[in-house]
Amino acid sequence: NNEELELLVIKNLTWVARAMKHNPGLCFATDNDDDNNDDDDNERNPLRWLLTRLSQIAKPKNRPRRAAVFKCFAAFSRVGGGGGDGSSLVGEFLELLIEPLYRSVLEAEGIKDQDGNSKESDEATLAREVLHLLEVEDDGDKKKKKKYSFVEAYGLVQRRFRDKREKRKGMIAVEMLEQPKAAAARKLHKQEQERKRRKRRVDERRSHHGKRNNNNSKKRRYHG
């Protein structure tokens with residue numbers, strides 16, 4: 001099933017990540033006759049490429065792949081670098097892991113249920129748990145071989161998101177002054193998307209309740 005496949009992929013990627021960390025040369029085709037490529041090969045990092053790709057996959061929200069990537073990050077965080085020096089497998093790439101996790105938590109802010117209470121999705125809860133795991137593992141990594149700690153990496157990601165948000169607000173304000181019609185159309189489009197999102201959530205909730213009620217009815221008929 002999907003869960004078994006997901007677990008298999010996570011295990012395989014964890015093994016591949018360790019191999020990439022300690023044998024990066026295996027990931028590149030090199031020309032022994034060209035000594036000038038040595039510096040370029042040292043600058044390229046296959047583990048960074050893998051984590052960057054996973055981080056990009058986890059950008060779109062409300063997708064099963066995003067949760068799978070978060071679980072993969074959790075697995076990576078629990079695995080040492082394997083070099084015998086106590087270093088972490090992903091310690092030097094914390095920013096790449098934190099960014100999609102922080103984005104998921106940020107997107108969940110302000111979401112309310114039909115009674116007006118705060119409601120966090122399973123995905124956002126998973127993201128918080130993985131962030132906590134990264135922080136705990138970072139604190140326990142006594143022999144750090146990375147540019148900065150979890151707290152510093154988290155702060156960098158947080159500032160980057162804040163700067164992007166402020167820049168976006170400034171662009172919207174300028175558009176409202178210079179192109180009011182375009183700004184109004186953008187606002188209407190956003191409202192329509194939000195309406196569709198809420199309707200989709202209501203339909204999903206009704207479908208879930210319907211399935212649960214059907215299961216309960218079957219149990220009652222069986223016991224009757």
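For clarity, every value in this text was computed on a predicted model and none was experimentally measured. Just so it is clear, the values below take in all heavy atoms, side chains as well, and ignore hydrogens, waters and symmetry mates.
- Under the 4.0 Å criterion applied to side-chain N and carboxylate O atoms, Glu166 and Arg159 are not assigned as salt-bridge partners.
- Other residues, nucleotides and ligands place no more than 12 heavy atoms under 6.0 Å from the CZ atom of Arg78.
- Although no hydrogens or angles enter the test, the distance criterion places no donor-acceptor pair under 3.5 Å between the side chain of Ser104 and the main chain of Leu101.
- Inter-residue side-chain proximity for Leu106 and Arg165 is flagged as met; some heavy-atom pair is nearer than 4.5 Å.
- A donor-acceptor contact shorter than 3.5 Å links the side chain of Glu152 to the backbone of Ser149.
- Considering CZ of Phe70 and CD1 of Ile10, their distance stands at 12.5 Å, rounded to 0.5 Å.
- Of the possible polar contacts, one joining the Asn45 side chain to the Arg48 backbone as a donor-acceptor pair under 3.5 Å is found.
- Atom CG of Leu131 and atom CG of Leu126 lie 9.5 Å apart (nearest 0.5 Å).
- A side-chain contact (heavy atoms from CB on, under 4.5 Å) with Gln193 holds for exactly one of Gln191, His189, Lys190; it is His189.
- The same ILVMFWY cluster, assembled from side-chain heavy atoms under 4.5 Å apart, contains both Ile98 and Val79.
- In this structure, the side chain of Arg66 engages the main chain of Lys59 through a donor-acceptor pair within 3.5 Å.
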Run Leu13 and Leu50 through side-chain contact (heavy atoms from CB on, under 4.5 Å) and show every step you take.
CA-CA 9 Å; Leu13 282 177; Leu50 173 63; 4.2 Å; yes

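- Looking at heavy atoms from C-beta onward, Leu47 lies in side-chain contact with Leu89 at the 4.5 angstrom threshold.
- No side-chain donor from either of Glu99 and Ser55 sits under 3.5 Å from a side-chain acceptor of the other.
- No more than 12 heavy atoms of other residues, nucleotides or ligands sit less than 6.0 Å from atom CG of Asp122.
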